[in-house]
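Below: the structure, in structure tokens.
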Amino acid sequence: MSNTAPTIKIQEKEAWTLGTLVISTKLFLGYPRIMVEEGLTAGWMIVLIGTVLSLFAWNGVMALMRKYPGQSLGQIYKITLGKIFGGLVNGLHLTIAFATCLIYMVQFYETICLYVLEGTPKWALVLLFTGLMILGAWFGVIPIARVSVLSFYPVLAAVSTVLILTLGEMNPYYLLPIGGSGAGNILRHGVINLSASIEVIFLPFLTPYLDFDLIALKRAGRSAILCSGVYFALVTLGYTMLFSLPAGLEYLTPFFQISRMAQISLDFQRLEMIFVLAWTFCVFARLAASLSFMSILAKSFTAKIPYRRLAVIFGLTVGLLAYFSEEGSHWAPIVVMWLHSYSFLIVFGLPLLAFGVHVLKNAGKKKVDPVENQI
Amino acid sequence: MRKDKIDHHLEKNRAYFNKLYHLPKNRDIVIREFRMGLNHKTEAFLAYFDGMVDSGAIIEGILKPLLNMDRPQNGKINPERIKEQVLVSNEVEIGENWKDTVAGVNYGMVAILIDGCNQSVLVDVKGWEHRPVSQPEVEQVIHGPLEAFNETLRTNIVLIRKAIRNENLVTEILEVGRRSRTSVAVMYMSDLVSPELLAQVKKRVASISADYVGGAGVLEQFIEDHPWMLFPQFLSTERPDRSAAFLMEGKVVIILDGNPTALIAPATLLSLLHSPEDYYLRLPYGNFIRILRLIAMIIAVVTPAFYLSIATHHQEMIPTDFLISLAQAREQVPFPTIVEIILMEISFELIREAGVRVPGIIGNTIGIVGALILGQATVQANMVSPILIIVVAITGLASYSIPNYELGFALREIRFIYTLAAAFFGFLGISATLFFTLMVLSSKESFGVPYLTPLAPNFKSSPDRLTRGPVWSMERRPEYLHPQGTRRQSKISRGWVISRPARRFGHQTPEKKGD
């Protein structure tokens, strides 16, 4: 009951809304475009395949978590792979979080500059994004999770409204041929699309901040993947049906373009700015969550530097890199594609590796009673 | 040097008393010397503050019995005997030392010092002038009780006790102010309140080390968690019925003597948005008001920011015809929209402040005249556009619908931040400020209770959040208060539905046998 950090931890609902929010922010960037690029008219199938596979991958992560109840994934890596390799793996997670955070910031301020506030100085937007990101992380991951609960339904409503308002403009014939770029291609990209849900890995790393057991954690992650997957699929479907393929390959803002099509009367043809409120809010929360996650992860390397100082250091680094990176629109898509193609191997592959090591280490030992092993 | 022990010799006590109270300079203290008993042998004196006591009660209850009392057979006057057999008063205490005696006199008691006794007798005959119980002025309702607290602590406690006739309602009296020694009543339901919450409240009140704590607002600032936070962390109310309702939830009510306002701890944002009338009115009406109030809150905060965003950054949202008329209206205005808004908002705040400060009917007149004439004149002088007058007026009206005065303040202040953010970044600025606001609110706690609960984090409680459920469904106390008992009414609170078919008469189903 003092004026320090909140005493009540993250609840299950907050965890899954946080997971959904951090995963689904990419919906407002180029994600639907990537899906359409990879699957053509069947991009939505890639989303669905990716979502289903992510659920399996999540189960794998949770299988590892069950072996070490009460421990965060970062600690489990250290226990199973040793201090050095475990630290290296945590470092990889940190790198991915850093890269995604940087990419998001660059892409978003470019989007804002291009479509929302044309001609706004870059420094002003970077300052705004960096400032809010650091402030968000300063308050901690628990308030971010609470904010994600509060913003979840309005954002959901905003996305649904856009889809409903554009229903009249959608042309189902644009979904043909239903096979898109071919079954093999779709399957391959479906597997790669596991990367769409990598942010769910935030949750097992945040175990010390969670107020619930592993069963609820599994449920929270599953809900986050499912919820964002369904919305990814719906938006990709809508995007495919709204724009014919050549026009559909937009760089930054497929969802923004979709929302431009929303109209409720002849007079109100331009409603997209209302939706800016929802998706920029998502971005702020996403950036703050990333920064908070990075700081928590970095804290496992160096206990001496306080969390808030780490948040400021990382935040300023991201902000400065974003500001000084010239022509972000050139290199950002390359990094995005790299992350999209390979990040799932690190995020979901390494827990499997750790699980394998755990099995090998305990091969000769007597099995532990699973009931006793539960939290 | 201040001594604490009362002397046996009356002369010494009298001299010390004179010194203590700066007599004869100090003219509002009365010393009445007399000889006790029918034989008039024992000297004594009464001391009290003029105006703080009931003179009639002194004559009838103290002087007459003391003047007419019999001298005991052993010749010694015993204060205990005076307390038990002589004085005609319902509250008599023995002052063991000067500290007790002085504290009693300072709080409207009469001190009797008797020659040969090293104790004083303190008689409670408080009788100062006070405002009678009147109608609430800030939290007015159409349905519901029309009583409000006044400046007398005792009356305020009684008003609550009248509403909760339960032996578990406990009133602890603490003291704040090293020099003012103001009484603070901490009220709670002993069988409901969380012991940690109560201990925290008492600890904070008792720890105040200041000469004078003059008002509930000052006390609030001494014991709140986050002094720099814009939003209030206590719910202040002038209504005994509201205080009683919160006590029954397991909250703590703090009343400072001399203040017509009770502080309720802990406070959440939703509790500040609720009004007693929400519950007194039937469900559909109560919820209608709540939804209206929520809309009003949003309007009060973001309307100028929205107008500014649309007019400055996102003109494409405005239908063409309206855009043309807007441009025409602004054609003659020499200032940018942000200057217009700030100008009008400050004018509106000035009118509001003047209306509150100027007494009586002139205040209302200033409000009306100010709003009408100033608005009309500024438009005619082409200082602001007519649309802006509409925006400011709607915003002002909406901010009046906020039931809590302090929350209204917070929203008024935050409106300026939103407006400035919108001036720089349009909707992006609004979104950024909203994010910041929610981050601040969700990171704060009032006495360990998250400020945005039960929205986030979620706790089990009755259906009473943004809207409320039927009164018979309010079965649980809010779990975020960690009350000693969570259930506040039976699963079937409307006993009569048991004898009727459940489907016809609402959602409650009769309990099965053996439940």
Side-chain angles (χ1 to χ4, degrees), chain A residues 1-14 17 108 112 116-118 120 124-125 128-129 131-132 135-140 142-152 154 211 260 265-285 287-288, chain B residues 194 196-197 199-201 203-204 224-229 233 265-266 302 306 309-310 312-323 421 424-453 455-459 480:
Chain A
M1 291 193 191
S2 64
N3 52 359
T4 54
T7 48
I8 296 162
K9 291 181 177 180
I10 298 173
Q11 297 181 340
E12 187 185 343
K13 190 181 177 187
E14 291 163 9
T17 51
F108 264 104
I112 300 281
V116 183
L117 296 166
E118 298 93 342
T120 313
L125 288 175
L128 179 76
F129 278 88
L132 278 174
L135 276 171
W138 183 274
F139 288 119
I142 298 171
I144 298 172
R146 287 177 190 168
V147 166
S148 69
V149 171
L150 297 172
S151 60
F152 181 73
D211 200 19
R260 271 195 166 180
S265 80
L266 284 175
D267 284 337
F268 290 90
Q269 291 178 357
R270 307 288 300 274
L271 287 173
E272 69 270 14
M273 290 304 162
I274 289 283
F275 304 113
V276 165
L277 278 174
W279 62 262
T280 51
F281 192 94
C282 266
V283 178
F284 295 136
L287 289 175
Chain B
S194 147
E196 289 83 21
L197 170 66
Q200 190 63 219
V201 171
K203 184 183 154 194
R204 289 191 194 185
E224 68 189 353
D225 287 84
H226 313 286
W228 298 102
M229 188 174 157
Q233 293 146 67
V302 295
F306 251 79
S309 297
I310 293 173
T312 317
H313 297 287
H314 315 297
Q315 293 96 340
E316 71 277 4
M317 284 182 69
I318 310 172
T320 316
D321 294 341
F322 184 50
L323 183 64
F424 285 110
F425 293 107
F427 281 160
L428 179 70
I430 297 177
S431 170
T433 318
L434 181 66
F435 175 72
F436 181 66
T437 312
L438 287 180
M439 279 305 299
V440 171
L441 293 182
S442 55
S443 67
K444 300 300 179 209
E445 293 180 346
S446 164
F447 286 89
V449 172
Y451 200 63
L452 291 182
T453 200
L455 296 175
N458 183 23
F459 281 95
Y480 57 81

Using side-chain heavy atoms (C-beta onward) and a distance below 4.5 Å, is [X] in contact with [Y]?
X	Y	value
A/Ile112	B/Phe425	no
A/Phe139	B/Phe436	yes
B/Leu428	A/Phe284	yes

Next on the checklist: With a 6.0 Å cut-off (strictly less than), is the heavy-atom count around CZ of B/Phe424, excluding the residue itself, greater than 12?
Outcome noted: no
Checklist entry - What part of A/Ala288 gets closer than 4.5 Å to chain B, counting heavy atoms only: side chain, backbone, both or neither? => result side chain
Checklist entry - A/Glu12: what forms a salt bridge (Lys or Arg N to Asp or Glu O under 4.0 Å) with it, not counting sequence neighbours? => result A/Arg219
Item to check | Residue pair B/Leu455 / A/Val149: nearest heavy atoms and the distance that separates them | outcome: O-CG1, 4.0 Å
Checklist entry - Taking all non-hydrogen atoms of both residues, which atom of B/Met439 and which atom of A/Gly136 are closest, and how far apart? => result CE-O, 3.3 Å
Checklist outcome for this item: Sorted by chain and number, sequence neighbours left out, ring-ring contact (aromatic ring centres under 6.0 Å, His included) with B/Tyr451 holds for none
Checklist entry - What is the ring orientation for A/Phe281 with B/Phe435, classed by angle as parallel under 30°, tilted 30 to 60°, or perpendicular over 60°? => result perpendicular
Checklist entry - Among B/Pro266, B/Gly426, B/Ala432, B/Ser446, who wins on heavy-atom pairs under 4.5 Å with chain A? => result B/Ala432
Checklist entry - From A/Leu128 CG over to B/Thr433 OG1, what is the distance, rounded to the nearest 0.5 angstrom? => result 8.5 Å
